[in-house]
A.B. asks: 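The following block contains the structure, expressed as structure tokens.
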Amino acid sequence: MAPEIATTEPHVGRGRMDLLRFATAGSVDDGKSTLIGRLLLDSKAIFEDQLEAVEATSHSKGYDYTDLALLTDGLRSEREQGITIDVAYRYFATPSRKFIIADTPGHIQYTRNMVTGASTADLGLVLVDARHGLTEQSRRHAVLLSLLRVPHLVLAINKMDLVDWSEQVYEQIHDEFTQFATKLAIPDLEVIPISALKGDNVVTRSENTPWYHGPTLMHHLEHVHVASDRDLVDTRFPVQYVVRPKSEEFHDYRGYAGQIAGGVLKPGDEVVVLPSGMTSTIAGIDLADQEVSEAFPPMSVTVRLADDVDVSRGDMIARVKNAPKPSQDIDAMVCWMTNAPLRPRQKLAIKHTTRSGRVMVKEIQYRLDVNTLHRDTHDVAEKGLGLNEIGRVQLRTTVPLLCDPYSKNRTTGSFILIDEATGVTVGAGMINSGN
Amino acid sequence: MSQDKPRTHADYRLSQLDQLEAESIHIFREVAAEFEKPVLMFSGGKDSIVMLRLAQKAFYPAKVPFPLLQVDTGFDFPEVLACRDRWVDRLSAKLVIASVEQAIADGIVIDDGKTTRNRLQIGTLLNAIEENGYTAAFGGGRRDEEKARAKERVYSHRDDFGQWDPKNQRPELWSLYNGRIHEGEHMRIFPLSNWTELDIWHYIGREQIDIPSIYFAHQRRVFRRDGMWFSESDYNPCRAGEEVVTKQVRFRTVGDLTLTGCLESEADTIDKIIDEIAIARVTERGATRGDDKFSEAAMEDRKKEGYF
């Protein structure tokens, strides 16, 4: 059976398209790869040669349908095992938006991939199989998305064709999830009944669900409002690089380059440089060879200051009356990503915004059970935090961090931990508070 | 923009192209700040030229603080080399050329007559990186190009042998890139990871970026081989039964001229190219690259060995 292609016009994407990054999560059999294949196919992001390769593979495996999941299974080892083992990024666009999908595997041992995919997502898409309802895994995915402060969540109830398009099944899963979500930080939730295989309510509205009055998945992805998710109040500009041309023409030029993490910067603003506490005024903001009148997240700009103050990489420019307090004692949720467990007294390298230093683990308070949200303190001091476990950890840093709670700012509230011997990223942290 | 009305979130919207630009500039600056000896791998193709434009923006008004490294197959299009020279001039950049011919002569790679130049580039490139002690090498790879690339990190770690280990990649979270490497290792950096082919063209159009003329439709003497049109050239003699004809063509990718085919096209402006791509139904590599056709996993294998 050749997959049917919905009739959206090919789009050229000129003008002011915006961007939505979303992360998908689901168990191996929930049909996640099929759904992504469907979104790519129906938005015409799949090309003939890709579709032909997938049709040929499906045929050689003896399937009587085109396995859309094959479109997204990238590495040969995955194709052999028939599972997705790592975060893969996919792209498609409609006339109003470009989409970046972080496609993450669903199985238990790959929590770290889910956390990785969710870290940059504006929206999380959780798939459940209508026949099985909410599983431990779907609850875990919702918890992780909430922990990573992904502001929008879609629960897609898939395989509705296999439960005779039952409104009752939909309502039951909807209610159960809403009940569960009251314990989480999920500001925006949409529950959509779909069939990824047949395409119902993915791009086109299904005639099989007359009782459903919400949007199709694609309509929701295209229209969900993400512009207000950014913090435009609290100015945070981590200095990344000092631009000093030392040329004839720009002899005295000294600019501080970075990507704005929060707030709006304007020439004339009184600012403070942290951690030194020196104050100055913004003399100008450059975006390459153009001067701009204001700058906001996530713009990458170069800021010039009116005074000759000492500023270097790792410093932060903030407002005089609204600046983070430099902190060396950090209380954070840490997701551990390597086999050898994280233990009290352990020393690691840390990277927070553009600042690097070392940390010592003072205490692991508890392990968070991501299925029940239960705080497990049993053995945590002795056994530490294992691979794919998430726990509340107290850290002491060698350099003060210029941080905010992760719930306020995902850029200034996050950090990674690096094993100093291997150089590998072994932990991801979300700051509760700093002192 | 009026200063009278209170501003709302809607006033602070950044188009997706501006967001991609901001992300790429952030990556360039991060690498320049954290790596001792970065280099930009320059192929002469549109993606590496977009990288140059972004690097130029990232450090303006200072010069781009790293050299360009080009692997010269000896089979490069003259139009591409001309464009390269214009860019080197424009940026007052340092250009380092690693020649496949020279690598063959020095016994660094072995030309057995069966291996394509594309494949010989791998050894030549790795040798140039090692000899010069480069610790980070920017590449123009995009994740939308190919299935193996879809899983590659922005910072892609390479071991002593320049190999990529896809099952053992470092987690990459937020915009916090981990640049730690050991002596002898290096990092491949992909600042265009999240760009698509259409994004690249929109950006080239918006920024009026100078690219090689062969991307635009022009008259060329070509012959048909393996279902693709190839340019007539001394390097790529016609075989029996192949006939040279003149066609209106353009190239969709730029590489070794013995391997890179062209398409019949009337698209002689950026806007026409964008229209052509928007309705194209074949990926850019699938359409005109002989090197990716050998096996379904061709790209994955070459990447593991240390390809771009």
Side-chain angles (χ1 to χ4, degrees), chain A residues 10-14 16-19 47-50 53 74-77 85-91 93 98 100 112 115-116 119-120 227-228 230 232 240-241 243-245 247 249-250 253 257 259 264 286 288-289 296 298-300 313 337 351 354 410-411 414-416 418 423-425 428, chain B residues 1 7 9-10 12-23 25-26 29-30 32-33 56-63 143-144 147-148 150-151 166-167 169-178 180-182 193-194 196 198-199 202 274-275 278-283 286-287 296-297 300:
Chain A
H11 44 81
V12 178
R14 290 194 179 92
R16 289 183 62 84
M17 277 170 102
D18 72 356
L19 181 65
F47 294 103
E48 267 168 23
D49 52 335
Q50 291 172 310
L75 304 174
R76 190 188 319 187
S77 48
I85 55 167
D86 203 341
V87 188
Y89 295 88
R90 315 282 167 205
Y91 305 84
K98 170 174 165 173
I100 302 179
R112 72 171 216 182
V115 169
T116 301
S119 71
T120 50
S228 54
R230 291 164 305 159
L232 294 179
Q240 210 186 349
Y241 188 89
V243 178
R244 293 221 59 187
S247 60
E249 194 186 347
F250 297 96
Y253 187 98
Q259 187 165 22
V264 179
D286 299 327
D289 51 357
F296 50 91
M299 285 168 74
S300 280
R313 174 175 168 84
M337 301 175 151
K351 186 168 179 187
T354 56
R410 288 168 85 187
T411 305
S414 56
F415 60 83
I416 54 170
I418 298 164
V424 171
T425 306
Chain B
M1 283 190 263
R7 309 288 303 272
H9 275 93
Y12 295 104
R13 272 175 56 175
L14 212 53
S15 76
Q16 72 105 3
L17 218 46
D18 287 324
Q19 290 191 47
L20 291 174
E21 179 189 69
E23 178 182 85
I25 287 176
H26 173 82
R29 289 167 171 173
E30 205 59 14
Q56 184 186 26
K57 283 195 160 192
F59 303 103
Y60 186 88
K63 282 203 293 186
R143 288 180 181 142
D144 78 322
K147 284 200 280 191
K151 307 217 160 174
K167 290 189 84 168
Q169 298 192 83
R170 294 175 180 178
E172 197 160 78
L173 299 107
W174 298 290
S175 50
L176 291 170
Y177 300 104
N178 172 2
R180 296 223 171 192
I181 49 166
H182 290 108
S193 287
N194 286 324
T196 63
L198 266 178
D199 295 332
H202 283 302
I274 289 171
D275 287 337
I279 56 164
R281 301 310 310 146
V282 182
T283 58
E296 202 191 343
E300 188 180 339

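The structure displayed is predicted, hence computed values, not measured ones. In the text below, chain A, chain B and the rest are named by the order of the sequence lines, each starting its count at 1.
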A.B. asks: Can you check whether B/L20 reaches A/K98 side chain to side chain, under 4.5 Å on heavy atoms?
C.D. replies: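 Result yes, sub-4.5 Å side-chain heavy-atom pair found.
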
A.B. asks: Give, as side chain, backbone, both or neither, the part of B/H182 having an atom under 4.5 angstrom from any heavy atom of chain A.
C.D. replies: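 Only the side chain of B/H182 comes within 4.5 Å of chain A.
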
A.B. asks: What pairs with B/E23 under salt bridge (Lys or Arg N to Asp or Glu O under 4.0 Å), at least two apart in sequence or on another chain?
C.D. replies: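 B/E23 satisfies salt bridge (Lys or Arg N to Asp or Glu O under 4.0 Å) with A/R21 only.
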
A.B. asks: Heavy-atom distance under 4.5 Å to chain B: side chain of A/I416, backbone, both or neither?
C.D. replies: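 Answer is both: backbone and side chain atoms of A/I416 are under 4.5 Å from chain B.
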
A.B. asks: Where does A/K351 contact chain B at under 4.5 Å (heavy atoms): side chain, backbone, both or neither?
C.D. replies: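 Its backbone and side chain both get close to chain B.
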
A.B. asks: Taking the side chain as every heavy atom from C-beta outward, state whether B/R143 and A/I100 have any pair of such atoms under 4.5 Å apart.
C.D. replies: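 They are not in side-chain contact.
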
A.B. asks: Which bit of A/V264 is near chain B, if near means a heavy-atom gap under 4.5 Å: side chain, backbone, both or neither?
C.D. replies: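 The side chain, not the backbone.
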
A.B. asks: Does any backbone or side-chain atom of A/Y253 lie under 4.5 Å from a heavy atom of chain B? Answer side chain, backbone, both or neither.
C.D. replies: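 The side chain, not the backbone.
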
A.B. asks: May I ask you to name which of B/E21, B/K57, B/R13 has the most heavy-atom pairs under 4.5 Å with chain A?
C.D. replies: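 So the answer, after comparing B/E21, B/K57, B/R13, is B/R13.
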
A.B. asks: Quick one: closest heavy-atom pair of B/A22 and A/S300, and the distance?
C.D. replies: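 Result for this residue pair: O-OG, 2.8 Å.
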
A.B. asks: Who among A/F415, A/F296, A/F250 has the most heavy-atom pairs with chain B under 4.5 Å?
C.D. replies: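 Among A/F415, A/F296, A/F250, the one with the most close pairs to chain B is A/F296.
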
A.B. asks: Between B/N178 (side chain only) and A/G423 (backbone N and O only), is there a donor and an acceptor less than 3.5 Å apart?
C.D. replies: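 Indeed, once roles are kept as given, a pair shorter than 3.5 Å links the two residues.
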
A.B. asks: What closest approach, in Å, do A/T116 and B/L173 show between heavy atoms, and which atom pair accounts for it?
C.D. replies: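 Between these two residues, the closest heavy atoms are CA-CD2, 3.7 Å.
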
A.B. asks: If we only count heavy atoms from C-beta on, is the B/R180 to A/T425 side-chain gap below 4.5 Å?
C.D. replies: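 Of all side-chain heavy-atom pairs linking A/T425 with B/R180, none is under 4.5 Å.
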
A.B. asks: Grab the two heavy atoms, one from B/Q169 and one from A/R112, that are nearest each other, plus how far apart they are.
C.D. replies: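 Of all heavy-atom pairs spanning B/Q169 and A/R112, the closest is O-NH2, 3.3 Å.
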
A.B. asks: Looking only at heavy atoms, which two atoms of A/V424 and B/R170 are closest? And how far apart?
C.D. replies: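 That closest heavy-atom pairing would be CA-NE, 4.0 Å.
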
A.B. asks: Do B/L176 and A/S414 make a side-chain contact, defined as non-hydrogen atoms from C-beta onward lying under 4.5 Å apart?
C.D. replies: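 Result yes, sub-4.5 Å side-chain heavy-atom pair found.
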
A.B. asks: Measuring heavy-atom distances to chain A, does B/R29 have an atom under 4.5 Å in its side chain, in its backbone, in both, or in neither?
C.D. replies: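 Both backbone and side chain.
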
A.B. asks: Counting only heavy atoms closer than 4.5 Å, note whether A/M337 contacts chain B via side chain, backbone, both or neither.
C.D. replies: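 Interface part for A/M337: side chain.
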
A.B. asks: With side-chain contact (heavy atoms from CB on, under 4.5 Å) as the criterion, how do B/E30 and A/T354 come out once you've worked through the C-alpha distance, each side chain's angles and the decisive distance to 0.1 Å?
C.D. replies: CA-CA 8 Å; B/E30 205 59 14; A/T354 56; 4.2 Å; yes

A.B. asks: What option among A/P245, A/S247, A/A257 has the most heavy-atom pairs under 4.5 Å with chain B?
C.D. replies: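 Highest number of heavy-atom pairs under 4.5 Å: A/P245.
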
A.B. asks: Can you name the nearest heavy-atom pair linking B/T196 to A/Y91, along with the distance?
C.D. replies: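 Smallest interatomic distance, heavy atoms only, reads CG2-CB, 3.6 Å.
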
A.B. asks: Who among B/D199, B/N194, B/L14 has the most heavy-atom pairs with chain A under 4.5 Å?
C.D. replies: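 Maximum pair count with chain A is reached by B/N194.
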
A.B. asks: Name the region of B/I181, side chain, backbone, both or neither, that has any atom closer than 4.5 Å to a heavy atom of chain A.
C.D. replies: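 No part of it gets close to chain A.
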
A.B. asks: Of the listed residues (B/A58, B/A33, B/A32, B/P61), which shares the most heavy-atom pairs with chain A below a 4.5 Å separation?
C.D. replies: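 Among the listed options, the one with the most contacts to chain A is B/P61.
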
